[in-house]
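Step one of this worksheet: look at the structure below.
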Amino acid sequence: MAEPLSEAEAANRLMRLAKEIARHDRLYHDADAPEISDADYDALVRENRELEARFPQLVRTDSPSKRLGAAPTSALAKVTHARPMLSLDNAFSAEEVEEFVARVKRFLNLPGDAFVAFTAEPKIDGLSCSLRYENGELVLAATRGDGTVGEDVTANVRTISDVPQQIANAPDVLEVRGEVYMSKAAFEALNERQEAAGGKIFANPRNAAAGSLRQKDPGITAARPLRFLAHGWGELSEPLGETQLDAMKRIEGFGIPVTDLLVRCDSVEEMLAHYRAIEKARADLPFDIDGIVYKVDRLDYQERLGQVARAPRWGLAHKFPAEKAETTLEAIDIQVGRTGKLTPVGRLTPVGVGGVIVANVTLHNRDEIERLGLRIGDRVRIQRAGDVIPQVVENLTRDEKREPYVFPDHCPECDSEAVAEEGEVDVRCTGGLICPAQRFERLRHFVSRGALDIEGLGEKSIAEFIELGWLNSPADIFRLHVHRAELVQREGWKEKSVDNLLAAIEAKRQPDGPRLLFGLGIRHVGIVTARDLLKCFGTIEELRRAALSEGGEEELSSVQGVGPVVAEAVHDFFHEPHNREVLDDLLSEVSPQPFVSDAKQTEWSGKTIVFTGSLETMSRDEAKAQAERLGARAAGSVSAKTDLVVAGPGAGSKLKKAEELGVRVIDEAEWARIVSALFSE
Ligand code: IVH
């Protein structure tokens, strides 16, 4: 029960709260130097709200509750998506689109001339966002993040007028996915206002939309004219229709905007015609787009096609050609990456390309500089395609006589020799861990968003801790707490910032296994491969055991999604004693969580299945994909480790071997029964 307060006292308190909260807002947002904890701040906001509820006549014109539009989130909270938010494979030519359509038909085991309809719609250059409605109420809006975990932007999305707070006649659970974007006109107007106010100028509408959506203060989002267009869905308690087009019509019926440039195409020709028509209209569209997205229209086909890594087999982004511009190459700098690779970066006279100012380009490697005959001072043509890093496509000053560029043979950071191994284009620093650039990059990679994602441990702090001798390898991060007393005394640090950092580190003592593996920075092991490896081996220790065992490389190559190149890199990594020491040290500090696969847990989980002979109702790829969805592994050859062989007509030596080894053999029809029984559960 709140204490009794006279009206005069309440008015007085509300005035002080308005001032106090405004001051803390400035400290937090503008100076990035909060004086009070998030909880204390939230308590002030709550007190203000409660007093206003009791004395509505006293609500001030400068009330914090008005200014904020909604309660501010003190930091964007993380949310795990009910279903992962996928990305799309890209195509840049008509041939690639034709190949996509053929691939879809092959997977579905349909003849090449079979009829399969696709939808085609613009690819909006915004930020993907998932809106979750429960019983018709908007309960959550989340950014894509890494596809598995995004950020909670509900308070901000509630300020977007395209997004209804309530919808009628919707399924109990409905997740609508789409793009948050800013129109070209609104972007221009925003930048004009920002310029007048001396604020941040945004490079393009996409950045402006991102900066506006990922705000801690929904009041700021509310003042930015964001829009929303739906292009799909996530979790549903009941299907929305039988085809992509029907489902999108249904979403439109809920009052959520869907582009009117969405059409159904009955042939590749129609798909490409829609692509060309929209490309022509591109400049006149009110928002930025960077291509066309095609999707298989029948949803039962989409279901069968499933996904590879993080992209569905049933969708494709057909990108518009890259935009080009001409400028001068002013200098070539060499950057040393975490694997010691020397990457030349071209510094340019800044030039606008498709709405973005470009001042740097990657020159890839030594051979690329040679191929283009690049020298400092050359005129160059550069291009920028969507979110790809800009690159030089042509040297326009070929005939002039000038000193050729000499690629360094020593590391610019540690002066160790830099060499290209036989058959390799990349020149690498041989300094290993004595090279500060490599150490720095490895640690930076380890804490990066895709790996351990340790908030607050940025480049500056890493460099500072390396300098102090506190940080050499990843395990040292988890021992930084011993330096707490010293750190709070250092310039730029306060008790609160040190404690926040140490808490963020402690929060990662039980990291996600694949992220930890990815964070180790093994060559060719990205997050998807890390997941594939742990899907098979469960733990990093098991993976190491396999890599070090006799025939280990072969065992690794047989993992779905892992080829000989990855297998060799993993093998090499674990054979290097220093890497094993670094890993042991790290594992003495952290305990990775056991890997939970997104495949169904079934009696087939972890089993090995071999398909042989010809299959009649599905393609071999679909069969393999089904096995994986049951948690099993599809292998290419029969051995004592095989648990099941699915044999079609014409099965030969593999069937014979299975019979010899006493492995269970079934036919395609029985396999189909197993699959449909388990999927309908
Ligand atoms: S479909 C599973 N349709 O492009 C399918 N995506 O490169 C993924 N995007 O993350 C979404 N316009 O944010 C789809 N009409 C459209 C789109 C679209 C823009 C974005 C989306 C996605 C990214 C993939």
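Both ligands and their constituent atoms are indexed starting at 1 by order of listing.
- A side chain to side chain contact (heavy atoms under 4.5 Å, CB included) with R310 is found for exactly one of V528, L88, D146, D89, namely V528.
- No hydrogens or angles considered: a donor-acceptor pair under 3.5 Å links the side chains of R177 and S130.
- Among all protein heavy atoms, the one lying closest to atom 5 (C) of ligand 1 is L88 CD2, 3.8 Å.
- Electrostatic pairing of E151 and R214 counts as a salt bridge here, judged by a charged N lying under 4.0 Å from a carboxylate O.
- When hydrogens are left out, the protein atom nearest atom 23 (C) of ligand 1 is K123 NZ, 4.0 Å; that is the closest non-hydrogen contact.
- Contacts with ligand 1 closer than 4.0 Å are made by backbone heavy atoms (N, CA, C, O) of P122 only, the side chain lying farther away.
- Remark: R132 engages E134 in a salt bridge, criterion side-chain N to carboxylate O under 4.0 Å.
- Taken from CG in D246 to CD1 in I251, the straight-line distance is 11.5 Å, to the nearest 0.5 Å.
- Among protein heavy atoms, the minimum distance from atom 12 (N) of ligand 1 is reached at I124 N, 3.0 Å.
- Of the candidates R83, H231, Q244, K295, H231 brings a heavy atom nearest to atom 6 (N) of ligand 1.
- Every atom of ligand 1 with a heavy atom of E121 under 4.0 Å away is listed here by number and element: 15 (N).
- An N or O contact shorter than 3.5 Å is missing between V293 and ligand 1 by distance.
- Looking at ligand 1, you won't find any N or O of P312 less than 3.5 Å from one of its N or O atoms.
- A salt bridge links R444 with E441: at least one charged nitrogen is closer than 4.0 Å to a carboxylate oxygen.
- Interface of S128 with ligand 1, defined as ligand atoms under 4.0 Å from a residue heavy atom, comprises 10 (O), 13 (O), 21 (C).
- The protein heavy atom nearest to atom 8 (C) of ligand 1 is L86 O, 3.7 Å.
- The cationic group of R304 does not satisfy the cation-pi geometry with Y301, failing either the under 6.0 Å distance to the six-membered ring centre or the 45° limit from the ring axis.
- Side-chain atoms of E323 and Q383 form no donor-acceptor pair, as typed in the model, at a separation below 3.5 Å.
- Ranking the protein heavy atoms by distance from atom 21 (C) of ligand 1 puts E179 OE1, 3.4 Å first.
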